[in-house]
Amino acid sequence: MTKEKPAGRIEAGYKLRSTSVRYRLTMYFILFALVFTVILWLLQTVFLENNYESAMEDKMQSAVNLLSASYAETEELDIELFVRQIAELSTENDLYLYIEARDGSFTISSTDEASPGKLYYYGRGGLDLARERLAASDGKPVTLKLTNQAGDSVTMVYAAQVESRYRANIYLFAFAPLTPMGPAVGILARQLLRVTVVSLIAAFGIALYISGRISKPITDITRSASRLADGDYDVEFYGDSYDEINKLAGTLNYTAQELSKSDALRRDLMANVSHDLRTPLTMVKSYAEMIRDISGDNAEKRDEHVDVIIREADRLSYLVNDILALSRLQAGVDVLQLEPVDIQRSAAGVLETYRVLEEQEGFRFEFVTLPQTVMVNADRHRIAQVISNFLSNAVRYSDESRNIKIEFQMEEGDIKFSVTDRGIGIGEQDLENIWDRYERASSLGQRSKEGTGLGLSISKEILERHAAKYGVESRLGEGSVFWFSLPILEEQT
Ligand code: ADP
């Protein structure tokens with residue numbers, strides 16, 4: 001079987017591929033620069049002429065409107081003033097203004113008849129055409145563009161009819177030369193070409209720089225992730241100065257940490273399991289051999305040996321159960337099923353299973369409860385497991401004095417559960433460690449073969465998951481108090 005290379009491995013060296021961030025960013029920048037220059041081109045060249053013409057038309061329209069207002073609405077028209085206004089508007093706006101009465105009785109123009117000026121330059125034909133259009137326009141103003149015969153000059157004409165209550169109705173014409181845009185557009189086009197080239201080069205450069213800065217941390221992270229995939233849990237992820245990439249790096253660092261923990265757990269578990277299973281298995285095997293070779297015919301001895309085998313098999317099964325429970329808890333597979341639990345009732349239930357020891361082995365259990373029912377938020381089965389672990393330890397390490405006290409008390413708004421024995425106690429040097437896996441008090445020596453060394457670490461795990469306070473007070477040779485306390489959810493008397 002060939003081992004396939006995991007997908008997504010980073011290749012040595014760096015190739016600019018069309019799907020890479022770098023390539024895409026560069027392309028987007030160039031596209032942006034292109035769109036930008038195209039818009040500039042359109043505005044500066046194609047629309048330039050239109051803009052110019054509509055500006056010109058606006059200018060003519062407002063001059064004509066001013067004049068028609070003066071003419072039509074002034075009751076006593078000062079003709080000299082009116083002519084001056086025409087002349088002023090004409091020079092200010094570079095227009096030729098021409099007024100004629102509709103009945104042909106008079107004309108006024110911004111140049112006098114003696115030097116017919118622009119009007120003749122544009123040609124009389126233009127005036128006739130504008131008048132014709134105006135007559136057909138239903139009283140609305142008209143705009144037209146006239147090209148001279150040589151085809152090298154264009155004139156814009158704006159014409160309106162003016163009706164007045166006070167005097168003769170008139171036609172008002174405004175003429176303006178339209179400067180050809182061709183040369184201007186040519187100059188602009190040349191300039192724009194330069195702008196286009198410069199902005200494309202700049203876009204390319206900036207894009208390369210920025211995309212390089214963005215893609216570098218991603219490439220680094222990919223490289224580190226690939227090391228992580230190879231089992232290097234010490235690898236560190238750096239996110240540079242980008243928030244999003246920093247978050248990713250943070251998550252990956254956390255992942256690496258958790259992976260490393262669970263890997264350590266797995267190795268630890270394998271080592272412990274193989275070590276712990278070997279002892280009882282060896283016992284089972286040697287006693288079975290003993291029955292086969294020696295005690296097979298001796299009923300008494302054989303029963304004794306079979307008992308050992310049964311006891312060791314039981315121990316094996318406890319061990320396996322405990323190891324499984326702890327691993328599942330630690331790996332987070334088992335989720336707590338929190339619900340309101342009558343904690344005193346739970347403890348009474350657990351204690352019930354231990355009552356048999358009172359008759360069989362002379363134990364005495366003192367059970368002190370509170371008068372009221374106290375509910376706590378807990379996982380019913382797991383909390384019962386902790387109570388049972390404390391109780392079985394008290395029984396196991398009780399020594400000669402077989403009095404065990406199980407007590408509920410109120411403490412700072414919490415309910416405190418404790419199991420007190422007058423047993424062998426725990427030395428100070430061991431007090432901290434007994435909650436760890438497979439830790440047993442050094443004073444025990446070979447004494448306890450029954451326990452698995454996992455009970456307290458399972459209890460610790462469960463209590464921590466409940467955010468409970470817990471602890472032990474103990475003195476060597478005097479006995480121990482194991483306790484935990486939980487916040488009260490509800491009290492009923
Ligand atoms: P074990 O299966 O060995 O009892 P535990 O995790 O339940 O494992 O307990 C760890 C160790 O803590 C025990 O081996 C023992 O040394 C000590 N211990 C626990 N409970 C008591 C107790 N009530 N009195 C004295 N020592 C105790």
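Hydrogens, waters and symmetry mates are skipped; everything else that's a heavy atom, side chains included, is used. For ligands, and for the atoms within them, numbers begin at 1 and follow the listed sequence. The first residue in the sequence is number 1, and the count goes up from there.
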Looking at ligand 1, would [X] count as a contact under a 4.0 Å heavy-atom criterion?
{"X": "Phe482", "result": "yes"}
{"X": "Ser480", "result": "yes"}
{"X": "Asn389", "result": "no"}

Per atom 12 (O) of ligand 1, closest listed option by heavy atom (Leu454, Leu391, Ile434, Val472): Ile434

The one among Leu476, Leu431, Asn393 that brings a heavy atom closest to atom 7 (O) of ligand 1: Asn393

CG on Asp234 to CG on Leu228, rounded to 0.5 Å: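 That separation rounds to 10.5 Å.
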
Arg380 bridged to Glu339 by N-O distance under 4.0 Å: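 Salt bridge present between Arg380 and Glu339.
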
Carboxylate-amine/guanidinium contact Glu478 Arg422, below 4.0 Å: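 Judged by the 4.0 Å cut-off on N to carboxylate O distance, Glu478 and Arg422 do not form a salt bridge.
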
Ile424, any N or O under 3.5 Å of ligand 1 N or O: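 So ligand 1 has no N or O lying under 3.5 Å from an N or O of Ile424.
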
Ligand 1 N/O within reach of Ser457 N/O, cut-off under 3.5 Å: no

Side chains of Leu351 and Leu391 in contact at under 4.5 Å (non-hydrogen atoms): yes

Numbered atoms of ligand 1 (with element) below 4.0 Å of Gly455, judged on heavy atoms: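 Answer for ligand 1: 5 (P), 6 (O), 7 (O).
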
Phe484 and Phe417 aromatic ring geometry - parallel, tilted or perpendicular at 30°/60° bounds: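 Tilted.
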
Ring geometry between Phe482 and Phe390 (parallel below 30°, tilted from 30 to 60°, perpendicular above 60°):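 Aromatic pair Phe390/Phe482 classed tilted.
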
